[in-house]
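See below for the structure under consideration.
Start at 1 with the first residue, then count along the sequence.
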Amino acid sequence: MVEFRIDRRSGVATYLQIVQQTRQALRLGLLEPGDRLPTAREVVEATAINPNTVLKAYRELEREGLVEARRGLGTFVTRTLGGQAADTPLRAELADWVGRARDAGLEQDDITALFTSVLEERTQDDHEGDGA
């Protein structure tokens with residue numbers, strides 16, 4: 001089961017953090033169709049956020065067709081977002097790279113900025129090569 005982590009300093013709305021973390025878990029194969037999301041009560045107990053915030057996030061996920069609320073049973077994953085499983089060799093390589101970046105003295109924000117800039121460059125290059 002997924003455990004949500006709320007970063008109150010991120011500037012991202014709390015319900016969006018739940019939506020984004022759920023999408024990420026779906027992409028990584030950590031959540032699969034049929035899995036139950038934590039109840040609003042469980043999320044509130046773990047994160048100390050308002051239950052309406054959890055319900056708003058779950059409604060957004062339901063609107064996107066990713067989950068389905070079943071009255072009296074909970075909220076269940078209905079489809080995945082594909083992608084790679086969490087234990088792929090690429091993930092291990094990335095984890096090694098992050099370790100080297102930390103050893104080189106980079107902080108989390110530095111690593112995120114570096115990764116994002118390379119990702120954007122590579123994505124831009126790929127689209128230019130397609131004639132897009």
Test side-chain contact (heavy atoms from CB on, under 4.5 Å) applied to I49 and V43, step by step: CA-CA 8 Å; I49 62 174; V43 176; 4.1 Å; yes
Please evaluate residues I111 and W97 with respect to the criterion side-chain contact (heavy atoms from CB on, under 4.5 Å), reporting the C-alpha separation (whole Å), side-chain torsions for both, the decisive distance (0.1 Å), and the verdict. CA-CA 10 Å; I111 294 169; W97 179 84; 3.7 Å; yes
Please report the C-alpha distance between L31 and T22 in whole Å, then the side-chain angles of each, then the deciding distance to 0.1 Å, and finally whether the side-chain contact (heavy atoms from CB on, under 4.5 Å) criterion is met. CA-CA 8 Å; L31 284 174; T22 302; 4.0 Å; yes
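Contact annotation: the side chain of K56 never approaches that of T53 to less than 4.5 Å [non-hydrogen atoms, C-beta and beyond]. Within the 4.5 Å cutoff, no side-chain heavy atoms of Q20 are placed close to those of Q24. With contacts defined as side-chain heavy-atom distances shorter than 4.5 Å, the pair I6/I18 qualifies.
The two atoms that bring D7 and Q17 nearest to each other are N-OE1, 2.8 Å, heavy atoms only. Contact detail for L106 and R102: the closest heavy-atom pair is O-CD, 3.5 Å. What you find for G74 and R36 is that their closest heavy atoms are CA-CD, 4.4 Å.
Under the 3.5 Å distance criterion, the side-chain polar atoms of T80 are left unmatched by any main-chain donor or acceptor of G29. No donor-acceptor pair under 3.5 Å is formed between the side chain of T116 and the backbone N or O of A113. E60 places no side-chain N or O within donor-acceptor distance of the main-chain N or O of L16, the cut-off being under 3.5 Å. When atom types are taken as modelled, the side chain of T75 and the backbone of A69 share no donor-acceptor pair closer than 3.5 angstrom.
Salt bridge status for E68 with R70: present, with a side-chain N to carboxylate O gap under 4.0 Å. Ion pairing of R59 with E62 is absent here, as no side-chain N (NZ or NE/NH1/NH2) approaches a carboxylate O to less than 4.0 Å.
If you chain together hydrophobic residues whose side chains sit under 4.5 Å apart, L61 and F76 never meet in one group.
Note that CG of D103 and CZ of R100 are 9.5 Å apart. Values are rounded to the nearest 0.5 Å.
For D109, the CG atom sits in a loose shell: 12 or fewer heavy atoms of surrounding residues, nucleotides or ligands are nearer than 6.0 Å.
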